[in-house]
Amino acid sequence: MEKKRWDCTALPKGWKMEEVTRKSGLSAGKSDVYYFSPSGKKFRSKPQLARYLGNQMDLSSFDFRTGKMLMSKLNKNRQRLRYDNNNQNKGKPDLNTSLPVRQTASIFKQPVTKVTNHPNNKVKTDPQKAIDQPRQLFWEKKLSGLNAYDIAEELVKTMELPKGLQGVGPGCTDKTLLSAIASALHTSAAPITGQLSAAVEKNPGVWLNTTQPLCKAFIVTDEDIRKQEELVYSVRKRLEEALMADMLAHVEEAANEGDALKDEGNGSEDMDSV
DNA sequence: CAGGTCGGCAC
DNA sequence: GTGCCGACCTG
């Protein structure tokens with residue numbers, strides 16, 4: 001019988017997978033899953049796979065058996081957020097939008113309020129802290145491998161960036177570039193110009209402007225704007241339809257218990273930028 | 001000897 | 001139960 005091998009979309013292009021069912025012995029009926037690298041090397045376990053491409057890819061949410069990235073695994077591995085532990089958000093999707101990077105650095109001095117009986121004690125604020133959040137150089141690289149998934153845990157197709165946008169720095173892929181720009185738009189009110197200094201390309205470690213994403217300076221053309229408007233329009237249309245369908249569904253089950261949030265709207269807020 | 005297959009330990 | 005890998009089997 002001919003063996004079926006199919007593409008594993010969760011892995012880089014060219015990776016294939018295969019499921020073999022055991023035909024005899026005590027474990028007959030059990031199945032083994034194998035992966036094949038683009039070069040044809042066979043992998044028979046997740047650790048083995050991780051050893052091979054662990055450095056270039058995060059497999060913590062990768063389900064070896066199905067070959068897909070599983071949402072349910074994401075939360076288990078990542079440190080649980082406080083509100084999540086409190087059981088207050090039970091059953092609801094994780095809507096936390098904070099970046100998956102360290103938000104504090106305890107070696108830096110932080111404002112402290114001393115509580116005493118004296119009413120004239122003031123809360124000391126440190127305006128410097130808000131603007132000067134310490135960050136690692138190239139911290140955006142931590143965003144690589146993060147993806148959006150729809151309700152069926154299928155990978156949502158990533159957004160396309162205009163051709164004129166180019167990354168800066170070691171190993172900056174299109175995906176990290178997208179994440180970096182999206183983060184920059186969310187975390188700062190300042191205009192995004194990209195890295196204006198040409199020296200950045202020669203030695204990014206020295207010349208990187210840390211207030212800007214890992215992105216070369218760019219020009220936004222009328223064509224870009226028009227395309228983006230079209231995109232926003234079509235996404236809003238889809239959102240409208242989804243919300244309408246959702247509403248109708250709710251009318252039918254009106255008598256039923258509380259409903260989980262649908263995720264249709266997620267990500268759409270990024271559309272009106274760039 | 002290489003690669004496919006199943007047993008069985010460890011978690 | 002089941003993921004993982006040793007080791008057996010077969011060509």
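Residue numbers start from 1 in every chain, and the chains themselves are labelled A, B, ... in the order their sequence lines are given, proteins ahead of strands.
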Ignoring hydrogens and angles, does a donor from either the side chain of Arg22(A) or the base of dG7(B) sit under 3.5 Å from an acceptor on the other?
yes
Would Val33(A) end up clustered with Tyr52(A) when hydrophobic side chains under 4.5 Å apart are linked, directly or stepwise?
yes
To the nearest angstrom, how far is Asp32(A) atom CG from dG3(C) atom P?
10 Å
Any Lys42(A) side-chain nitrogen or oxygen under 4.0 Å from OP1 or OP2 of dG4(B):
yes
Please state how far atom NZ in Lys46(A) lies from atom P in dC11(B), giving the value in whole angstrom units.
17 Å
If we only count heavy atoms from C-beta on, is the Arg65(A) to Glu19(A) side-chain gap below 4.5 Å?
yes
Classify the angle between the aromatic ring planes of Trp15(A) and Phe43(A) as parallel (below 30°), tilted (30 to 60°) or perpendicular (above 60°).
tilted
Under 3.5 Å, side chain of Gln195(A) to main-chain N/O of Gln212(A), donor-acceptor pair present?
yes
Separation of Gln48(A) atom CD from dG3(B) atom C1', in whole Å?
13 Å
Please report the distance, rounded to the nearest Å, between CZ in Phe62(A) and C1' in dC4(C).
15 Å
Tyr52(A) atom OH is separated from dC4(C) atom C1', nearest whole Å, by 20 Å
Rounded to the nearest angstrom, tell me the gap between atom CD in Glu18(A) and atom C1' in dG4(B).
10 Å
Roughly how many Å is it from CD in Glu19(A) to P in dG4(B), rounded to a whole number?
16 Å
Among dG7(B), dC6(B), dC5(C), the one nearest Pro47(A) by side-chain distance
dC5(C)
For the pair made of CG in Asp63(A) and P in dT2(C), what is the distance, rounded to whole Å?
12 Å
Nearest-neighbour nucleotide for the Ser45(A) side chain, dG7(B), dC6(B), dC4(C) considered
dC4(C)
When all nucleic acid strands are considered with a 4.0 Å heavy-atom cut-off, which category describes Phe43(A): base, sugar-phosphate, or nothing?
nothing
Determine, using the 4.5 Å side-chain heavy-atom cutoff (strictly less than), whether Leu11(A) and Trp6(A) are members of one ILVMFWY cluster.
yes
Can you find a side chain N or O atom of Arg65(A) that sits less than 4.0 Å from OP1 or OP2 on dG3(C)?
yes
Please determine if a side-chain N or O atom of Ser27(A) lies less than 4.0 Å away from the OP1 or OP2 oxygen of dG8(B).
no
Is a donor-acceptor contact shorter than 3.5 angstrom present between the side chain of Arg44(A) and the base of dG4(B)?
no
